[in-house]
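Before any comments, here is the structure.
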There are 2 protein chains.
Amino acid sequence: MSVQERKERERAARERLIVATARELAEQQGWDAVTTRRLAERIEYSQPVLYSHFRGKREIIGAVALEGAAEMAAALRAATSAANGPRARVTALARTYLDFAERNPAVYDAMFQLDGGLAFAVDDTPEPLKDGFAALLESLGEVAGDGVHPGLFTEVFWAALHGLATLTRAGRLPPAEAERRVELLVDRLTLV
Amino acid sequence: MSVQERKERERAARERLIVATARELAEQQGWDAVTTRRLAERIEYSQPVLYSHFRGKREIIGAVALEGAAEMAAALRAATSAANGPRARVTALARTYLDFAERNPAVYDAMFQLDGGLAFAVDDTPEPLKDGFAALLESLGEVAGDGVHPGLFTEVFWAALHGLATLTRAGRLPPAEAERRVELLVDRLTLV
DNA sequence: CTCAGTTGTCTAGCGGTGCTAGGCTCGGGT
DNA sequence: ACCCGAGCCTAGCACCGCTAGACAACTGAG
């Protein structure tokens, strides 16, 4: 039976290699450069091997997105747990979110711009995505204000962060004033 | 000279036809379905004709985006001019913005999600785009609050709207509570 | 009225894409 | 020792954006 186990381990390792390589290639040259041929060449296998792990390119993007969601959730929790008081936590959260988006543009795209075939905001949403939202909710729920549903508030705050992240990166907003926009957003949206 | 003028008119008409057809096809079946072949077939010309009007597909997307920006600016101005008082204007603005994004998803994508080769937030930004931002600024500048730069406030508010629009349409936010999110956003961000 | 030249359009094709059918090789179980 | 199936690759499909080059039609000069 050990042979089979070894094969499964190797298979799992190769799957991680595919996802890591796709992510790396996307960060280096953008998602347009992540073609099945190039990806296959980089992992030193032929194209069809990719399809024995994933249904298609979309699923590979989805796998990168899930990896990114887990990382982002961890980053957000690390930042907020190091801050004192609700207000400071929210500021740290916002900065960390935008920082993550700026430092990992390809991963951020996989999560929110591209079609990775992932289900959001429904029952069978993958765990990392739910957990990412939960990480936001933990800090933002504190400052929603009385009578405001924490989930709804989190959605609105998140949408604002997402808008800032995407518009800035797409050149729709000048990057110079980014920090002042964050301050304004936190100032206005949070109570306390 | 009249012959030349007629040809120019026909040429301009055909260019409008290309843009209108691209937009229609994108709204019907998504931008993925807007291929140069299909587009050429719909306008009943061969592919190369497209390239005598536009440098490439990107420019066609850009043309749809400009058309959309002009329409959106007009819609925003119509909505805000019909509302009484700064606060009501902002609410009307937000609703109209999100409504436009929902009703014209392909056009909204052309404006803000896809690469239409357009320059934003710089000197040689095309007029319709500047005007769209101006339409936002007219109503939002009123409620920025003392000491807050109207342009900066407009950028933040716009980012929030953009985030709501894109996340909702991508299935990242449940559509049911959309109206309550707008109310919350306007409540918190606007002073007065 | 003829004819050269320009203008406009088309056919055909290049190099790329995501994806898959079918054959080959090689290792494991009997 | 042999057979068989898993695993991988080569080759190819249909499509993509884009373009070179041939051809037709119209313009304007003689």
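Scope of the values below: all heavy atoms of this structure, side chains included, with no hydrogens, waters or symmetry mates. Below, chains carry the letters A, B, ... as their sequence lines are ordered, and counting in each starts from 1. Keep in mind that what you see is a predicted model, and the values were worked out from it rather than measured.
- In this structure, B:Glu142 does not pair ionically with B:Arg87, as no charged nitrogen and carboxylate oxygen lie closer than 4.0 Å.
- Across B:Thr80, B:Leu189, B:Thr190, B:Val90, a single residue satisfies side chain to side chain contact (heavy atoms under 4.5 Å, CB included) together with B:Leu140, and that is B:Val90.
- Contacts of residues 53-62 of chain A with DNA chain D (heavy atom under 4.0 Å): none.
- We find that CD of A:Glu8 is positioned 15 Å from C1' of D:dG7, with the value rounded to whole Å.
- In this structure, A:Glu41 places its CD atom 17 Å from C1' of C:dG18, rounding to the nearest Å.
- The side chain of A:Thr36 places an N or O atom within less than 4.0 Å of a non-bridging phosphate oxygen (OP1 or OP2) of C:dG18.
- Using a 4.0 Å cut-off between charged side-chain N and carboxylate O, A:Glu8 and A:Arg14 make no salt bridge.
- Here the side chain of B:Arg38 pairs a donor or acceptor atom with the backbone of B:Ala33 at under 3.5 angstrom.
- Legend: residues meeting side chain to side chain donor-acceptor pair (under 3.5 Å) with B:Glu183, ordered by chain and number and at least two apart, are absent.
- Among residues two or more places apart in sequence or in another chain, the side chain to side chain contact (heavy atoms under 4.5 Å, CB included) test is passed with B:Arg42 by B:Thr21, B:Glu24, B:Leu25, B:Gln28, B:Gln29.
- The pair A:Lys130-A:Asp123 does not count as a salt bridge, with every side-chain nitrogen at least 4.0 angstrom from each carboxylate oxygen.
- Spacing between atom CD of A:Glu10 and atom P of D:dA6 amounts to 17 Å, rounded to whole angstrom units.
- Of the residues in residues 11-23 of chain B, none lies under 4.0 Å from DNA chain D by heavy-atom distance.
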Inset, instruction - Decide yes or no on side chain to side chain contact (heavy atoms under 4.5 Å, CB included) for B:Leu50 and B:Tyr45, but give the supporting numbers first. - result: CA-CA 8 Å; B:Leu50 300 174; B:Tyr45 283 95; over 6 Å; no
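- A side-chain donor-acceptor contact under 3.5 Å links B:Asn104 to the backbone of B:Phe100.
- The pair B:Asp187-B:Arg180 does not count as a salt bridge, with every side-chain nitrogen at least 4.0 angstrom from each carboxylate oxygen.
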Inset, instruction - Would you sort out whether A:Glu102 and A:Tyr108 count as a side chain to side chain contact (heavy atoms under 4.5 Å, CB included), showing the intermediate values? - result: CA-CA 8 Å; A:Glu102 193 184 326; A:Tyr108 195 82; over 6 Å; no
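- Between A:Glu179 and A:Arg95 the shortest side-chain heavy-atom distance falls below 4.5 Å.
- Interface residues of residues 108-118 of chain A facing DNA chain C, ordered by number: none; criterion, heavy-atom separation under 4.0 Å.
- Of the candidates C:dG18, D:dC18, D:dC16, the closest approach to any side-chain atom of B:Thr35 belongs to D:dC16.
- When rounded to the nearest whole Å, the span between CG of A:Leu50 and P of C:dG18 equals 10 Å.
- Phosphate contact (OP1/OP2 of C:dT17, side-chain N/O of A:Arg38, threshold under 4.0 Å): present.
- Note: A:Trp158 and A:Phe133 have perpendicular aromatic rings, judged against thresholds of 30 and 60 degrees for the angle between ring planes.
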Dump the pairs, protein N or O against N or O of nucleotides 10-14 of chain C, anything under 3.5 Å, distances to one decimal.
from, atom 1, to, atom 2, distance (Å)
C:dC10, OP2, B:Ser46, N, 2.8
C:dC10, OP2, B:Ser46, OG, 2.7

